[in-house]
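Working notes, beginning with the structure itself.
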Protein chains: 2
Amino acid sequence: MEIFNKRIDSIGSLSPESRNVLLNAWESWSVPKDHFLVRENAIAHHLFYIKKGIARIYYFKNGKEITEWLALDNEFFFSIISFFEQKPSNLIIQTIEASEVMGIHHDTLMALCDQYHDIERWFRKAITGSLILSQYRMDSIQFETAQQRYEKLLTNYPSIVQRVPLSYIASFLGITQETLSRIRSQH
Amino acid sequence: MEIFNKRIDSIGSLSPESRNVLLNAWESWSVPKDHFLVRENAIAHHLFYIKKGIARIYYFKNGKEITEWLALDNEFFFSIISFFEQKPSNLIIQTIEASEVMGIHHDTLMALCDQYHDIERWFRKAITGSLILSQYRMDSIQFETAQQRYEKLLTNYPSIVQRVPLSYIASFLGITQETLSRIRSQH
DNA sequence: AGAACAATTTGATTATTGTCAAAAAAGATC
DNA sequence: GATCTTTTTTGACAATAATCAAATTGTTCT
């Protein structure tokens, strides 16, 4: 619970009342491995935070699963387009380990944004953070080789290799699993 | 001016007062071709809107210019990381045609966000739009061939080919100019 | 128009990654 | 522990795009 509060605070400051209201708006779940947090063609009702475990965000393209994101411990994650536009999307979110997940409902968050100006600002800053991350990732995909991207991933998330199947990591990096296997075999 | 107001309104609704205040906070400039809107290692003070003309957002990587974005008529654009974090960045913004540009200063916008809750909400929605666009672009880069990306660009911005040098388009698409020239030669 | 410069195209070659197929290794089940 | 299943690795080959170099075309300026 401590780390979660710190993560919330690190995004932006809130008045004691707003902070309290926001913190209490989150639900908590303990879910098993392979549990669906968002199903295919469903509307994403929640913005999630993963306290412990791993969630995989993926979709099907030409019959193949494409992993778009892997959320490890203490990260926020959500199905961006479905959540904001409240329409069904082909993005699926599923745990790949038994996980402890927190979530805030879209309508709850929007109501809080309406009611408290500083929560609106906090959320604006949270989205800004996502946008910046998205920019960095785009540059990485466009201008780095598969090998460089893999090495960067190893540096940033050393535990990912032990915990996530190779095929998921490969499609997250935008390469085939054969290519990743070959990168890996040369140390 | 009409189109600009409509673009503002399309992002999110505002009270008459807030709308008025926001609209009046923008400055207008007529700038020649090759004019710098943000120089290298400078802080991006403005969020821009291009009324007429084209702006190119680019940076240097290993001595080569990489075009990250091309903003055509009636688009918002800015140096995301520098603007939000108010720190120098290697992103350069430069017009490539004589252009009419509008801009709002970071401090002005932040002050308005502080003062008016609905402007804060408007801005939150604007950023959300950027984030969604960024997601789409990432998928495009990761999972489409250079040819597909070029054809999509032609469909969405048919005038871009007449107005933007090939080398800029190529690096925007994440390919070399030779590759683009070859794609182009086969219709 | 002609010179000087910039932008684009073409050619030959190399590097990277994808595709398809099969083998090997690791994990799960009874 | 032997069998079945899934995951990962390896191999051969094809496709895509990058690199380097040169030729061609287009633009600008006097």
Side-chain angles (χ1 to χ4, degrees), chain A residues 32-35 54 56 58 60-68 70 94-98 137-154 158-187, chain B residues 32-35 54 56 58-68 70 94-98 137-154 159-187:
Chain A
K33 188 173 189 284
D34 298 327
H35 178 81
I54 307 181
R56 178 168 76 110
Y58 66 101
F60 285 93
K61 176 141 192 169
N62 305 327
K64 282 181 196 161
E65 290 184 4
I66 307 286
T67 297
E68 185 168 287
L70 291 164
Q94 198 177 9
T95 56
I96 60 178
E97 286 180 359
R137 186 164 176 227
M138 199 153 63
D139 287 349
S140 168
I141 289 173
Q142 195 157 14
F143 304 114
E144 289 172 1
T145 65
Q147 181 135 13
Q148 288 173 312
R149 272 176 280 148
Y150 180 65
E151 278 159 13
K152 200 178 256 183
L153 189 74
L154 278 190
S159 71
I160 212 170
V161 183
Q162 278 83 49
R163 296 165 70 190
V164 179
L166 172 108
S167 60
Y168 298 169
I169 296 177
S171 88
F172 174 61
L173 292 173
I175 56 179
T176 61
Q177 58 175 0
E178 291 94 331
T179 300
L180 180 53
S181 177
R182 286 179 181 114
I183 287 172
R184 195 190 256 191
S185 72
Q186 37 179 102
H187 293 248
Chain B
K33 186 174 191 281
D34 298 327
H35 179 82
I54 307 181
R56 179 168 75 109
Y58 65 101
Y59 61 94
F60 286 93
K61 176 143 191 170
N62 305 328
K64 283 182 194 159
E65 290 184 4
I66 307 287
T67 296
E68 184 168 288
L70 291 164
Q94 197 176 10
T95 56
I96 61 176
E97 285 180 359
R137 184 160 179 231
M138 200 153 62
D139 287 348
S140 168
I141 289 174
Q142 195 157 14
F143 303 114
E144 290 172 0
T145 64
Q147 181 135 14
Q148 287 173 313
R149 272 177 280 148
Y150 180 64
E151 278 158 11
K152 198 179 255 182
L153 189 74
L154 278 190
S159 71
I160 212 169
V161 183
Q162 279 84 49
R163 295 167 71 191
V164 180
L166 172 108
S167 60
Y168 298 171
I169 298 177
S171 87
F172 175 61
L173 291 172
I175 56 180
T176 60
Q177 57 174 1
E178 291 94 330
T179 300
L180 180 52
S181 176
R182 285 178 181 113
I183 288 173
R184 195 189 254 189
S185 71
Q186 36 178 106
H187 294 245

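To find a chain, count down the sequence lines: A is the first, B the second, and so on, and within it residues start at 1. Because the structure is predicted, anything quoted here is derived from the model rather than measured.
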Exercise for review: Just jot down the ring pair (Phe, Tyr, Trp, His ring centres under 6.0 Å) partners of Y58(A), sequence neighbours excluded, or say none.
Suggested key: none
Check your understanding: What integer distance in Å separates Q162(A):CD from dT7(D):C1'?
Key -> 16 Å
Review point. Are K152(A) and E144(A) close enough that some pair of their side-chain heavy atoms sits under 4.5 Å apart?
Key: yes
Check your understanding: Of all residues at least two apart in sequence or in a different chain, which pass the side chain to side chain contact (heavy atoms under 4.5 Å, CB included) check with S181(B)?
Key -> none
Exercise for review: For I169(A) and dT9(D), give me the distance from atom CD1 to atom P, rounded to whole Å.
Suggested key: 10 Å
**Study point:** Candidate pair R149(B) and S140(B), rule side chain to side chain donor-acceptor pair (under 3.5 Å), full reasoning
**Key:** CA-CA 7 Å; R149(B) 272 177 280 148; S140(B) 168; 4.9 Å; no
Point to revise | Rounded distance in Å - CG (L166(B)) to P (dG26(D)) | key: 14 Å
Point to revise | Euclidean distance, atom CZ of residue R163(B) to atom P of dA7(C) [Å, nearest integer] | key: 18 Å
Exercise for review: Round to a whole Å and report the spacing from CG of L180(B) to C1' of dA7(C).
Suggested key: 13 Å
Study note, to complete from the structure: Readout for nucleotides 10-17 of chain D: B = base within 4.0 Å of protein heavy atom, S = sugar-phosphate only, - = neither; 5' to 3' it is BBB----S
Practice item. Applying side chain to side chain contact (heavy atoms under 4.5 Å, CB included), name anything that partners K64(A), two or more places apart in sequence or on another chain. Key: none
Practice item. Report yes if some heavy atom in the side chain of M138(A) is under 4.5 Å from a heavy atom in the side chain of R137(B); otherwise report no. Key: yes
Which atom pairs, donor and acceptor, lie under 3.5 Å between side-chain atoms of residues 161-169 of chain A and protein residues at least two apart or in another chain?
from    : atom 1 : to     : atom 2 : distance (Å)
R163(A) : NE     : E97(A) : OE2    : 2.8
R163(A) : NH1    : D73(A) : OD1    : 3.0
R163(A) : NH2    : E97(A) : OE1    : 3.0

Review point. Tell me: OH of Y150(A) to P of dT8(D), nearest whole Å?
Key: 11 Å
Review point. What string of B, S and - do you get for nucleotides 23-30 of chain C 5' to 3' if you count protein non-hydrogen atoms under 4.0 Å?
Key: --------
Review point. Do R184(B) and Y150(B) pass the side-chain contact (heavy atoms from CB on, under 4.5 Å) test, and can you show the C-alpha distance, the side-chain angles, and the key distance before you say yes or no?
Key: CA-CA 9 Å; R184(B) 195 189 254 189; Y150(B) 180 64; 3.6 Å; yes
